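Source: prediction; values computed, not measured. We number each residue from 1, following the sequence as shown. Read the numbers this way: they start at 1 and go in the same order the structure lists the ligands and their atoms.
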Amino acid sequence: MSRFICGKLSRIAPYVPGEQPRDKRYIKLNTNESPFPPSPRAVTAASQEAARLELYSDPDCTQLVKTLAKRYAVNEDEIVCVNGSDEVLNFAFKAFCDAERGAAFPDITYGFYKVFAEFHDIPYEQIPLNEDFTIDIKPYLGINKTVFIANPNAPTGIALSTEQIEEILSSNPDNLIVIDEAYVDFGCESCVPLIKKYDNLLVTQTFSKSRSLAGARLGFGIANPAIIRDLNTVRFSTNPYNVNRMTLAAGAAALEDEEYTQTNCRVIIENREYTARRLAEMGFKMTPSSANFLFARHPGVSGITLYLKLKERGVLIRHFDAPRICEYNRITVGTKEQMDTLLNEISKILEEET
Ligand code: PMP
């Protein structure tokens, strides 16, 4: 830390991304990326755009917004495009929370919500999940705070129903409810259509998971036009060229190749169910996942031991040290081959450890 850093920043604990080690080639099941490459159409579009990099990108993201509006059956002024959905979440903390209007989110959820709240000096309440890791919606009803809920939640993979989200929305008419749908394409119902009914709903989504574009950094928010204008105020006050030319082109092309995305999602869901079945046969306890990952613990091996032993064997999964979940690991669902390697290695570890 330099002696120039301002007081507040010196006390912040930044978000810790999943490790990206370079010492050897791992089977990477730790950051919920897609195991499949981007659509060939996205790759071609991005390469063609590379030849125009002397020009700034379109700050209005016109073509991508048009394509998104068509795909999600909303109007163009109901969409904002961002540099990964982390950015729209950051903008939402900046635009819709302050010292008076704090934030609320589950105690176990995407770790960035707490980091953003601290970064922007926003008071926040972490509402405990139920014992079985489901979200109890009662504390959110009429809470008078800006609410952030990942649906499905991470790292549990458990989804709320649209009816439950509607209860939260209708009981908080004067507060923004942000529903983070990073993993929605793996079997959870989206609440995008609800933006027409509730003017206090912001839905965020990403191209990082189901569309295999994590490295391109592309996300978007969908909400009524007034909310989108507020988010654009933050965007144009920080970085109007937040989405680069190659990413804009890749995103629009990936959206045009919906069949590729849908096929990959179907395969990941099949692989998730297959892996969950095999893990259950080996004695693992899991939460019911609607996402591209499983959240699993084994009564006979500690969470950290399983994580370290798998890493030694070239398979990376994600371990968290928070006390409530430290016996669990989050395992990204990959290809069938990757899952079989994982399962083989786990069965050898269980033989050694139990
Ligand atoms: N929300 C959740 C729940 C996530 O797990 C992630 C991925 N780490 C994000 C948002 C952000 O994804 P991205 O910035 O890649 O769009």
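- Looking only at atom types and distance, the side chain of R235 has a donor-acceptor partner in the side chain of N232 under 3.5 Å away.
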Determine, stepwise, if the pair K28 / Q20 fulfils side chain to side chain donor-acceptor pair (under 3.5 Å).
CA-CA 9 Å; K28 245 188 118 279; Q20 308 276 3; 3.2 Å; yes
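- Taking every heavy atom of T206 and a limit of under 4.0 angstrom, the matching atoms of ligand 1 come to 13 (P), 15 (O), 16 (O).
- Counting only residues at least two apart or in different chains, ring pair (Phe, Tyr, Trp, His ring centres under 6.0 Å) contacts with residues 196-218 comprise F207-F220.
- Comparing S208, G215, A150 by heavy-atom distance to atom 15 (O) of ligand 1, the nearest is S208.
- In terms of protein heavy atoms, atom 11 (C) of ligand 1 is closest to D86 OD1, 3.1 Å.
- Nearest protein heavy-atom contact of atom 12 (O) of ligand 1 is S85 OG, 3.4 Å.
- The protein heavy-atom contact nearest to atom 7 (C) of ligand 1 is K209 NZ, 3.3 Å.
- Of all the atoms in ligand 1, the ones that sit under 4.0 Å from a non-hydrogen atom of R217 are 13 (P), 14 (O), 15 (O).
- Across every non-hydrogen atom of L201 and I179, the tightest pair is CD1-CG1, 3.7 Å.
- Counting only heavy atoms of the protein, atom 1 (N) of ligand 1 lies nearest to D180 OD2, 2.6 Å.
- Residue G84 has at least one heavy-atom neighbour below 4.0 Å for each of these atoms of ligand 1: 14 (O), 16 (O).
- Ligand 1 has Y183 within reach: a non-hydrogen atom of the residue lies less than 4.0 Å from it.
- A donor and an acceptor atom, one from each side chain of D180 and Y113, are located under 3.5 Å apart.
- Across the listed options Y15, Y113, Y110, Y110 owns the non-hydrogen atom lying nearest to atom 9 (C) of ligand 1.
- Every residue meeting the salt bridge (Lys or Arg N to Asp or Glu O under 4.0 Å) condition with D136, not counting sequence neighbours, appears here in chain and number order: K138.
- N244 and S57 share no side-chain donor-acceptor pair at under 3.5 Å.
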